[in-house]
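Each remark here refers to the structure printed beneath this line.
Every heavy atom of this structure was used, including side-chain atoms; hydrogens, water molecules and symmetry mates were not. Count residues from 1 along the sequence. None of these values were measured; they are calculated from a predicted model.
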Amino acid sequence: MEGNGGAGATRWNISRPSKVVDAGCISILAVLRRVYSSVDASGPRPVLTLGTGDPTACASFRPPPEAEDAIVDALRSRKHNGYSPTVGILPARCAIAEYLSQDLPYQLLPNDIYLTAGCWQAIDVMMSILAKPGSNILLPKPGFPLYESWTMFRNLETRHFNLIPDRGWEADLESVEALADENTVAMVIINPGNPCGSVYSHDHLAKIAETARKLGIIIIADEVYYHLAFGNKPFIPMGVFADIVPVITLGSLSKRWLVPGWRLGWIATCDPNGILKEAKVNISIESYINITNDPATFVQGAVPQIIASTKQDYFNKILDLLRNSADLCYGKIKEIRGITCPHKPEGSMFVMVKLDLSCLDGILDDLDFCCRLAKEESVIVLPGSALGMKDWLRITFASDVPTLENALERIKSFCQRHAKLEA
Ligand SMILES: *Cc1c(COP(=O)(O)O)cnc(C)c1O
Ligand SMILES: *[C@@H]1O[C@H](CO)[C@@H](O)[C@H](O)[C@H]1NC(C)=O
Ligand SMILES: *[C@@H]1O[C@H](CO)[C@@H](O)[C@H](O)[C@H]1NC(C)=O
């Protein structure tokens with residue numbers, strides 16, 4: 001008898017889950033779980049977290065009431081209780097095409113827009129359809145580890161180009177040229193930047209476009225922080241340069257409307273010269289989207305009203321909050337010996353900070369710093385090694401001011417307590 005676990009039992013041909021395990025290990029949440037596990041739960045002070053990019057627990061970061069009304073109206077209309085077309089319902093695709101076209105020198109059509117379950121699924125779709133045996137993709141370092149997880153899962157080789165801290169975290173385009181070859185399928189740009197808080201100038205974006213054109217590779221522009229730019233440089237979408245290079249823009253409601261839980265994102269093909277269509281990229285995207293999940297239909301149904309009813313005042317208010325928090329964070333970090341910030345944040349919700357281990361006694365590395373900070377001060381920040389940047393930290397400044405002040409004060413005490421005595 002075979003198959004009952006006795007001697008000579010069937011040797012099941014189940015693939016080892018190594019890829020899943022490895023891909024999961026490099027996620028921000030996995031690293032943060034490790035840091036959290038160091039917290040002394042019996043400690044007297046509340047845990048303050050500057051670790052994740054979800055500020056919705058803070059009283060100041062609330063979605064506009066108009067957007068909440070749009071969801072209620074869509075739900076109550078009873079028009080959105082069924083399945084949606086896999087690419088998304090037409091009114092939502094039209095509204096997003098209009099919304100994005102406001103900043104572009106050409107008009108996007110509803111057919112250029114595919115709705116996804118957050119920008120998260122948009123990344124899944126793009127990494128999945130671009131992967132083919134032997135191909136590689138260029139990713140920024142530091143970047144957003146979800147890209148690495150997906151490329152690993154899809155057997156797409158990753159090559160990292162550096163972002164340069166002293167140049168406002170601009171992409172090192174010489175290294176891009178050195179990394180690319182005939183099997184390179186795309187380069188990814190995240191602007192405004194997570195984790196660096198950078199916003200790219202028109203000039204730098206034009207150089208990126210020219211470099212990609214020279215190499216014959218398309219650009220995936222992660223613009224999930226669309227218009228979250230509060231410094232001196234305005235936000236300019238990569239799609240502005242789509243005449244030079246085909247651009248696939250990824251976005252969502254999550255960050256600008258402060259509703260990451262609504263899971264409404266999109267892929268926009270910015271392709272005025274029809275290069276992507278000629279390569280049948282539109283068919284690949286649709287084929288893949290046809291077999292994956294969609295955002296909830298009533299959230300799709302609310303999109304036109306969300307976009308139409310949210311006033312500029314709301315966006316301005318959020319930008320004021322972020323600017324204020326970023327300034328506070330930057331100023332406070334300057335006072336702390338042991339950490340330095342090479343570039344004042346101008347956008348998104350994050351800043352990268354370098355650890356100076358030579359000033360700190362007995363701290364091994366960034367992970368050790370974060371775990372001990374969690375244990376001794378009940379403050380959570382993300383170790384840079386989660387983003388490929390050993391001995392750096394990522395701090396989220398999208399938080400209520402008292403929390404931010406308190407957390408930075410605790411980081412200061414921690415660094416003072418662990419300061420190496422000067423010789
Ligand atoms: C938050 C984030 C995402 C995911 O966005 P969702 O719309 O919440 O899925 C993607 N890319 C970057 C760079 C992000 O920071
Ligand atoms: C892709 O684009 C081509 C060229 O415009 C068009 O003929 C085709 O219908 C499109 N297919 C899909 C699935 O969008
Ligand atoms: C996706 O599904 C729709 C609806 O079933 C179908 O009309 C379309 O042809 C499919 N697209 C592709 C590229 O397979």
Side-chain angles (χ1 to χ4, degrees), residues 97 99-108 112 119 122-123 126 137-144 147 159-180 184-252 255-256 266-273 275-276 319 322 342-350 352:
Y99 168 65
L100 297 176
S101 296
Q102 285 168 17
D103 294 317
L104 297 174
Y106 51 89
Q107 183 72 33
L108 290 174
D112 294 315
C119 185
I123 297 172
M126 289 318 303
I137 188 165
L138 309 184
L139 300 179
K141 178 179 155 199
F144 189 60
Y147 286 90
R159 298 182 180 177
H160 290 99
F161 59 91
N162 290 323
L163 306 182
I164 306 168
D166 302 330
R167 291 218 310 249
W169 297 102
E170 284 184 356
D172 177 357
L173 294 175
E174 279 168 29
S175 75
V176 167
E177 291 198 32
L179 289 170
T184 305
V185 289
M187 89 183 262
V188 173
I189 293 290
I190 305 173
N191 181 49
N194 177 7
C196 302
S198 46
V199 173
Y200 289 157
S201 65
H202 188 281
D203 188 45
H204 187 54
L205 293 169
K207 287 200 177 104
I208 292 172
E210 290 296 349
T211 305
R213 180 188 181 88
K214 190 165 140 196
L215 300 168
I217 55 179
I218 65 167
I219 293 180
I220 311 284
D222 182 327
E223 292 178 356
V224 78
Y225 296 97
Y226 201 73
H227 278 293
L228 290 186
F230 44 78
N232 295 327
K233 288 180 225 142
F235 165 73
I236 300 165
M238 193 74 222
V240 164
F241 303 88
D243 200 30
I244 302 173
V245 57
V247 175
I248 297 182
T249 300
L250 316 182
S252 75
K255 311 289 166 76
R256 198 177 189 205
W266 54 80
I267 296 168
T269 49
C270 302
D271 184 31
N273 299 328
I275 295 163
L276 296 171
L319 287 181
L322 289 173
H343 185 75
K344 190 175 177 183
E346 312 159 276
S348 83
M349 304 175 172
F350 310 96
M352 284 297 279

Residue pairs fulfilling side chain to side chain donor-acceptor pair (under 3.5 Å) with at least one residue in residues 186-201, sequence neighbours excluded: Asn194-Arg394
Note, Leu138 side chain near Ile217 side chain (heavy atom, < 4.5 Å): yes
Would you mind reporting whether Pro140 and His160 have side-chain heavy atoms less than 4.5 Å apart? no
List the atom of Met349, the atom of Leu322, and the distance in Å for their closest heavy-atom pair. CG-CD2, 4.3 Å
By side-chain hydrogen bond (donor to acceptor under 3.5 Å, both in side chains), Tyr225 pairs with (sequence neighbours left out) Lys255
Does atom CD of Gln107 have more than 12 heavy-atom neighbours from other groups under 6.0 Å away? yes
Partner residues of Thr269 under the side-chain hydrogen bond (donor to acceptor under 3.5 Å, both in side chains) criterion, sequence neighbours left out: Asp112
Between Leu163 and Ala171, what is the shortest heavy-atom contact and its length? CD2-CA, 3.8 Å
Could you state the interatomic distance from OG (Ser252) to CG (Asp222), rounded to the nearest 0.5 Å? 8.5 Å
In Å and rounded to the nearest 0.5 Å, what is the CG to NE2 distance from Leu319 to His227? 9.5 Å
Using side-chain heavy atoms (C-beta onward) and a distance below 4.5 Å, is Pro192 in contact with Phe235? yes
Going by the rule ring-ring contact (aromatic ring centres under 6.0 Å, His included), which residues pair with Phe241 if we only count those two or more places apart in sequence or in a different chain? His202
Measuring from Thr249:OG1 to Asp103:CG, what's the distance to the nearest 0.5 Å? 11.0 Å
Go through the structure and list residues passing salt bridge (charged side-chain N to carboxylate O under 4.0 Å, His left out) with Arg159, not counting sequence neighbours. Glu157, Asp181
Worked check of side chain to side chain contact (heavy atoms under 4.5 Å, CB included) between Leu173 and Lys207: CA-CA 8 Å; Leu173 294 175; Lys207 287 200 177 104; 3.7 Å; yes
Minimum-distance pair of heavy atoms, taken over all atoms of Met187 and Ile208: CE-CG2, 4.1 Å
Determine whether Pro237 and Leu100 make a side-chain contact, defined as any pair of heavy atoms from C-beta on separated by less than 4.5 Å. no
Given side chain to side chain contact (heavy atoms under 4.5 Å, CB included), test Phe230 with Val199 step by step and report yes or no. CA-CA 9 Å; Phe230 44 78; Val199 173; over 6 Å; no
Run the salt bridge (charged side-chain N to carboxylate O under 4.0 Å, His left out) test against Glu346 and tell me which residues pass, sequence neighbours left out. Lys233
Which residues pass the ring-ring contact (aromatic ring centres under 6.0 Å, His included) test with Tyr99, sequence neighbours left out? Tyr226, Trp257
Please name all residues satisfying salt bridge (charged side-chain N to carboxylate O under 4.0 Å, His left out) with Asp166, sequence neighbours left out, ordered by chain then number. none
With Ser348, which residues qualify under side-chain hydrogen bond (donor to acceptor under 3.5 Å, both in side chains), at least two apart? none
Check step by step if side chain to side chain contact (heavy atoms under 4.5 Å, CB included) holds for Leu250 and Glu223. CA-CA 6 Å; Leu250 316 182; Glu223 292 178 356; over 6 Å; no
So do the side chains of Trp266 and Cys119 get within less than 4.5 Å of each other, counting heavy atoms only? no
Do Pro142 and Trp169 have side chains that approach each other closer than 4.5 Å (heavy atoms only, starting at C-beta)? yes
To the nearest 0.5 Å, atom CD1 of Ile137 lies from atom CG of Leu179 at 12.5 Å
Here the gap from Ile220 atom CD1 to Ile190 atom CD1, rounded to the nearest 0.5 Å, amounts to 11.5 Å
Nearest non-hydrogen partners of Met238 and Ala221, listed with the distance: CB-CB, 3.6 Å
So does Leu276 get a backbone contact from the side chain of Asp271, meaning a donor-acceptor N/O pair under 3.5 Å? yes
Non-neighbouring partners of Glu177 that pass salt bridge (charged side-chain N to carboxylate O under 4.0 Å, His left out), sequence neighbours left out: Lys214
Closest non-hydrogen atom pair between Ser101 and Leu108, with its separation: OG-N, 2.8 Å
Could you work out, with side-chain hydrogen bond (donor to acceptor under 3.5 Å, both in side chains) as the rule, every residue matching Glu210, not counting sequence neighbours? none
Sub-4.5 Å side-chain heavy-atom contact between Ile248 and Ile267: yes
Please assess Leu215 against Thr184 for the test side chain to side chain contact (heavy atoms under 4.5 Å, CB included), listing each intermediate value before the final yes or no. CA-CA 9 Å; Leu215 300 168; Thr184 305; over 6 Å; no
So which heavy atom on Ile244 is nearest to which on Ala209, and how close? CG2-O, 3.8 Å
ring-ring contact (aromatic ring centres under 6.0 Å, His included) filter on Tyr147, not counting sequence neighbours, yields none
To the nearest 0.5 Å, atom SG of Cys196 lies from atom CZ of Phe350 at 11.0 Å
Is there a side-chain contact between Asp172 and Val176 (heavy atoms, below 4.5 Å)? no
